[in-house]
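Not measured: the values here are computed from a predicted model. The first residue of the sequence shown is numbered 1, and numbering continues consecutively from there.
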Amino acid sequence: MSNKILKYVRAVVFIAIVAGLVKCMDYAMMPSGYIRYIIHEADNADTDEGYDNIIIGASHARSAINPVKLDEAGASDNAFNLAIPGETVTDSYYLLMESDRHNNVKRVIYDLDYQYWCNYAEREFEDCFIYTWLPFSNVKLKYIADNLLTKDFRTVYSKRWAYEISPSAIMNNLKVKSSAAYRNYSMDAVEIHDAGGPYAAKGFFYRDMKMDSLVPSDIVAWDESGISDKVLDSFEKTVQYCKKNNIELVCVTSPITPTTSVNGYSEQAGAYFTRLCEEYGVEYYDFNLLTMDTLPRTDDDFFDEEGHMLGELADRYSDILASVLLDKCDKSTTFYGTYAQLELAVYENYVTKQ
């Protein structure tokens, strides 16, 4: 009997050692990143009510919507931008639930970027790079149950997909993680390579890096048939979660580079999102259709062809978004009725002449 018990003890000790080694490797090889910082900020609003408006989406939303502007306009009491570059439709659902655990969320502003809907590649990296930074809770357990039970168990437990294994990277990582900035969740401990401008506050980066010409981008083609069941299921779960918890859901598509909006796939994507949101009874605004009188803009107001806004335009757009949320504007004159009208305005008056 004692030998049998000893075998179990040895197995438990072995598993504990392996688990400990994995965590040591995570600590040494996994760089400190923006995701750790922003989830912590979303969970620590430092007010009794927390954040009342949460912005979810991806990099376009992070560059475009300044929550401070929404607060100043009275569209929110305490808004927060939880949009993360690379954030998938599935990620947005769990990030919403995570933020709602700590805040009295009254409205969700969901920026729909069709590039995260079409030809969705369900790779382990995309499935896990935000999940791993969720704190342990019922939300994280639900993520595992919904998405990861069929994955390699190492993917569920470790952060191996993002290891940097060179000696210099490990030494730098250990230096950062031993700092007070890391322990205190300071932005100083975050290595950010693609923000294009300083961190302002509450999840918003004020991009001010203007280039001599727009940075070229590989823009994903619109393909409605390529929208996966997983994407649609995640969106439906987001809608149902908001309805169940009495949270107002407003879906938007923030403006992108004017020439890209009329030469690319914005019209097809906007029409699809309009139909989809009507089906679910959700408000949707395609802000690419803002009139040029309402939001004067040219290609020079963006960092790249794909449509990441520079800070000055983002502040002006955020003011307009606030007025729409407050129902203080005449939508018949604020938006063009068709993309043909937008195209005419773009090419006649507003796009920088080459």
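- Atom OH of Y94 and atom CD1 of I144 lie 10.5 Å apart (nearest 0.5 Å).
- Annotation: F287 is in aromatic contact with F335 [ring centroid separation under 6.0 Å].
- What you find for N78 and G50 is that their closest heavy atoms are ND2-O, 3.3 Å.
- A distance of 5.0 Å separates CG in L295 from CG in L313, rounded to the nearest 0.5 Å.
- Rounded to the nearest 0.5 Å, atoms CG (D91) and OH (Y116) are 9.5 Å apart.
- Neither side chain, S318 nor D315, offers a donor N or O lying under 3.5 Å from an acceptor on the other.
- The pair R316-E312 counts as a salt bridge, with a side-chain nitrogen and a carboxylate oxygen less than 4.0 angstrom apart.
- Residues I65 and L70 are in side-chain contact: their nearest non-hydrogen atoms beyond the backbone lie under 4.5 Å apart.
- Geometrically, R62 engages Y34 in a cation-pi contact, judged by NZ or CZ lying under 6.0 Å from the ring centre and within 45° of the ring axis.
- Defined by atom type and a distance below 3.5 Å, a donor-acceptor pair is missing between the side-chain atoms of E305 and T257.
- For the side chain to side chain contact (heavy atoms under 4.5 Å, CB included) criterion with Y110, the lone passing option out of V252, I56, I55, T253 is I56.
- Going from atom CD1 of I84 over to atom OG of S59 covers 11.5 Å, rounded to the nearest 0.5 Å.
- Note: Y272 and Y114 fail the aromatic proximity criterion, with ring centroids not under 6.0 Å apart.
- Although no hydrogens or angles enter the test, the distance criterion places no donor-acceptor pair under 3.5 Å between the side chain of D100 and the main chain of L96.
- Y339 and D286 are linked by a side-chain donor-acceptor pair at a separation below 3.5 angstrom, with hydrogens and angles left out of the test.
- Nearest approach of N288 to S266, heavy atoms of both residues: ND2-OG, 3.8 Å.
- Put simply, Y37 and Y182 are part of two different groups of oily side chains (I, L, V, M, F, W, Y) that touch within less than 4.5 Å, one to the next.
- Of all the heavy atoms in G307 and I256, the pair that sits closest is CA-CB, 3.9 Å.
- Distance check, rounded to the nearest 0.5 Å: CZ of R107 to CG of D52 gives 8.0 Å.
- Rounded to the nearest 0.5 angstrom, S323 OG and D330 CG are separated by 11.0 Å.
- Judged by distance alone, with hydrogens and angles left aside, the side-chain atoms of S137 form a donor-acceptor pair with the main-chain N or O of V139 at under 3.5 Å.
- Using a 4.0 Å cut-off between charged nitrogen and carboxylate oxygen, E98 and R101 count as a salt-bridge pair.
- When atom types are taken as modelled, the side chain of T238 and the backbone of S234 share a donor-acceptor pair closer than 3.5 angstrom.
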Yes or no on side chain to side chain contact (heavy atoms under 4.5 Å, CB included) for R297 and M292, after CA distance, side-chain angles and deciding distance? CA-CA 7 Å; R297 59 198 185 276; M292 291 298 180; 3.6 Å; yes
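- Of the possible donor and acceptor atoms, none in the side chain of T291 sits under 3.5 Å from a partner among the backbone N and O of Y336.
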Run the side chain to side chain donor-acceptor pair (under 3.5 Å) test on N44 and Y185 for me, step by step, so that the C-alpha distance in whole Å, both residues' side-chain angles and the decisive distance to 0.1 Å come before the verdict. CA-CA 11 Å; N44 294 272; Y185 289 88; over 6 Å; no
